[in-house]
There are 2 protein chains.
Amino acid sequence: MKKEKQIKLEASGWKIGSVDEFLELSREEAEFIELKLSLSRNLKERRQSLRLTQKDFARMIHSSQSRVAKMEAGDPAVSIDLLVRSLLALKTSHKEVAGMLPV
Amino acid sequence: MKKEKQIKLEASGWKIGSVDEFLELSREEAEFIELKLSLSRNLKERRQSLRLTQKDFARMIHSSQSRVAKMEAGDPAVSIDLLVRSLLALKTSHKEVAGMLPV
DNA sequence: TCAATATATGTCAAAACTGACATATATTCA
DNA sequence: TGAATATATGTCAGTTTTGACATATATTGA
């Protein structure tokens with residue numbers, strides 16, 4: 001990034017290549033994890049309230065019991081994509097998904 | 001899935017291994033794509049309103065110009081995870097992300 | 001116009017994610 | 001209790017997603 005651009009960015013509140021950037025990345029990562037955990041918790045609640053076992057739910061989404069367990073455990077090696085696909089499979093509306101994001 | 005379980009599921013509105021399941025998968029996939037495209041569009045708007053080039057934005061998120069272009073083009077080979085991370089990098093709040101989901 | 005800048009598209013090796021499997025642990029309920 | 005059922009954890013090969021690069025096309029502005 002050109003120096004000029006960096007100055008322009010920093011003038012509007014961005015900090016690049018500094019301690020601030022490190023803090024910024026921490027914030028992003030924390031928020032990202034929060035978001036995933038929230039989807040994860042909601043997915044588990046939905047499945048349970050439908051009285052589905054992990055095994056049966058896994059079949060519905062063409063996955064496996066162990067992966068469902070990992071999704072619900074908030075395993076870092078599970079994508080948001082898979083969580084969202086799973087929620088949609090349980091007929092969760094976009095509005096409901098939106099409501100699942102952290103405050 | 002045991003026959004019994006399948007019957008139980010179907011009684012509560014689920015259809016497995018049928019034309020209905022195919023339609024159900026289509027619905028899910030359509031909604032999934034809709035959701036991604038919505039995030040994609042909003043990301044582009046945000047970047048542009050901040051007067052950032054794809055190249056500069058790419059540096060901010062430690063990625064590349066071509067990947068940013070793909071994100072904004074709604075390329076199927078771009079994960080929700082990357083889209084969300086990118087939005088968070090632009091200091092988008094969870095509430096704002098929620099507002100970006102389709103009605 | 002036309003050169004500089006910005007964006008789009010295709011490709012690829014490396015990294016991340018996946019379903020499946022084995023197996024450990026926990027929960028249910030007769 | 002203890003056997004059946006449900007969930008958790010670890011591993012791995014196959015698949016998908018990634019940043020990076022090259023390069024094509026589009027937009028800007030002097």
Side-chain angles (χ1 to χ4, degrees), chain A residues 1-6 8-9 16-17 21 25 28-29 32-33 35-37 39-90, chain B residues 1-6 8-9 16 25 28-29 32-33 35-37 39-90:
Chain A
M1 192 175 331
K2 283 184 197 157
K3 189 69 189 172
E4 191 197 339
K5 188 75 199 180
Q6 181 170 341
K8 211 188 279 181
L9 275 176
I16 284 93
E21 188 195 15
L25 285 175
E28 281 170 39
E29 191 58 12
F32 184 74
I33 292 171
L35 193 151
K36 276 179 61 174
L37 288 181
L39 293 179
S40 166
R41 277 191 298 270
N42 277 276
L43 177 64
K44 181 167 191 172
E45 282 172 15
R46 287 224 148 206
R47 176 186 63 78
Q48 287 180 330
S49 77
L50 288 168
R51 305 255 179 277
L52 287 169
T53 65
Q54 290 184 342
K55 197 183 197 182
D56 288 335
F57 178 49
R59 293 230 181 162
M60 288 178 58
I61 62 175
H62 305 284
S63 182
S64 62
Q65 179 271 322
S66 59
R67 187 132 299 264
V68 171
K70 284 174 180 70
M71 281 197 257
E72 295 183 351
D75 189 315
V78 168
S79 71
I80 293 185
D81 295 67
L82 186 60
L83 288 168
V84 169
R85 278 183 194 281
S86 300
L87 283 166
L88 294 179
L90 291 181
Chain B
M1 192 175 327
K2 282 183 196 158
K3 189 69 188 171
E4 190 196 340
K5 189 74 198 180
Q6 182 169 341
K8 212 187 278 180
L9 275 177
I16 284 92
L25 285 175
E28 281 171 39
E29 191 59 11
F32 184 74
I33 291 171
L35 194 151
K36 277 178 61 172
L37 288 181
L39 293 178
S40 167
R41 277 191 298 270
N42 277 276
L43 177 64
K44 181 166 191 171
E45 282 172 15
R46 287 225 147 205
R47 175 186 64 78
Q48 287 180 330
S49 76
L50 288 167
R51 306 254 179 279
L52 287 169
T53 65
Q54 290 184 343
K55 197 184 196 180
D56 288 334
F57 178 49
R59 292 229 182 164
M60 289 177 58
I61 61 174
H62 304 284
S63 182
S64 63
Q65 180 271 323
S66 59
R67 187 132 299 266
V68 171
K70 284 175 180 73
M71 281 197 258
E72 295 183 352
D75 189 315
V78 167
S79 70
I80 292 185
D81 294 68
L82 187 60
L83 289 168
V84 168
R85 279 183 194 280
S86 299
L87 283 166
L88 294 179
L90 291 181

Residue-phosphate contact under 4.0 Å: B:Ser63 side-chain N/O, D:dG19 OP1/OP2: yes
Sugar-phosphate only, base, or nothing, as touched by A:Val78 at under 4.0 Å among non-hydrogen atoms: sugar-phosphate
Length of the line joining A:Arg85:CZ and C:dG19:C1', which is rounded to integer Å: 14 Å
Contact under 4.0 Å: A:Arg51 side-chain N or O vs D:dA6 OP1/OP2: no
Donor-acceptor pair under 3.5 Å, A:Ser64 side chain vs C:dC21 base: no
Among A:Gln54, A:Gln48, A:Arg41, A:Lys44, the one residue meeting side-chain hydrogen bond (donor to acceptor under 3.5 Å, both in side chains) with A:Glu72: A:Gln54
Pair B:Val78-B:Arg67, side chain to side chain contact (heavy atoms under 4.5 Å, CB included): steps then yes or no: CA-CA 8 Å; B:Val78 167; B:Arg67 187 132 299 266; 3.8 Å; yes
Residue closer to the 5' end of DNA chain C, B:Arg67 versus B:Lys55 (nearest nucleotide): B:Lys55
For atom CG of B:Asp81 and atom C1' of C:dC17, their distance in whole Å: 9 Å
Distance, rounded to the nearest Å, where A:Leu52 contributes CG and D:dT7 contributes C1': 15 Å
Rounded distance (Å) that lies between atom P of C:dT7 and atom CD of B:Glu45: 15 Å
Length of the line joining B:Leu83:CG and D:dT18:P, which is rounded to integer Å: 8 Å
Per B:Leu82 side chain, nearest of listed nucleotides C:dG19, C:dT9, D:dT18: D:dT18
Presence of donor-acceptor pair under 3.5 Å, side chain of B:Gln65 and base of C:dA8: yes
Check: B:Arg59 and A:Ile16 side chains under 4.5 Å, non-hydrogen atoms: no
Protein-nucleotide distance (B:Met60, atom CE; D:dG19, atom P), rounded to Å: 15 Å
Phosphate OP1/OP2 of D:dT7 contacted by A:Arg47 side-chain N/O (<4.0 Å): yes
Steps toward side chain to side chain contact (heavy atoms under 4.5 Å, CB included) verdict (A:His62, B:Leu25): CA-CA 11 Å; A:His62 305 284; B:Leu25 285 175; 4.2 Å; yes
Distance test, side-chain N/O of B:Ser79 to OP1/OP2 of D:dT18, below 4.0 Å: yes
Under 4.0 angstrom between B:Lys44 side-chain N/O and C:dA8 OP1 or OP2: yes
Nucleotide nearest B:Ala77 when distance is taken to its side chain, options C:dA8, D:dT17, C:dA22: D:dT17
Sugar-phosphate, base or nothing in reach of A:Lys70, heavy atoms under 4.0 Å: base
Distance in angstrom units between B:Glu72 CD and C:dA8 P, rounded: 7 Å
For atom NE2 of A:His62 and atom P of D:dT15, their distance in whole Å: 18 Å
Side chains of A:Leu43 and A:Leu90 in contact at under 4.5 Å (non-hydrogen atoms): yes
Any B:Thr53 side-chain nitrogen or oxygen under 4.0 Å from OP1 or OP2 of C:dA6: no
Stepwise side chain to side chain contact (heavy atoms under 4.5 Å, CB included) check, B:Arg85 with B:Ile61: CA-CA 8 Å; B:Arg85 279 183 194 280; B:Ile61 61 174; over 6 Å; no
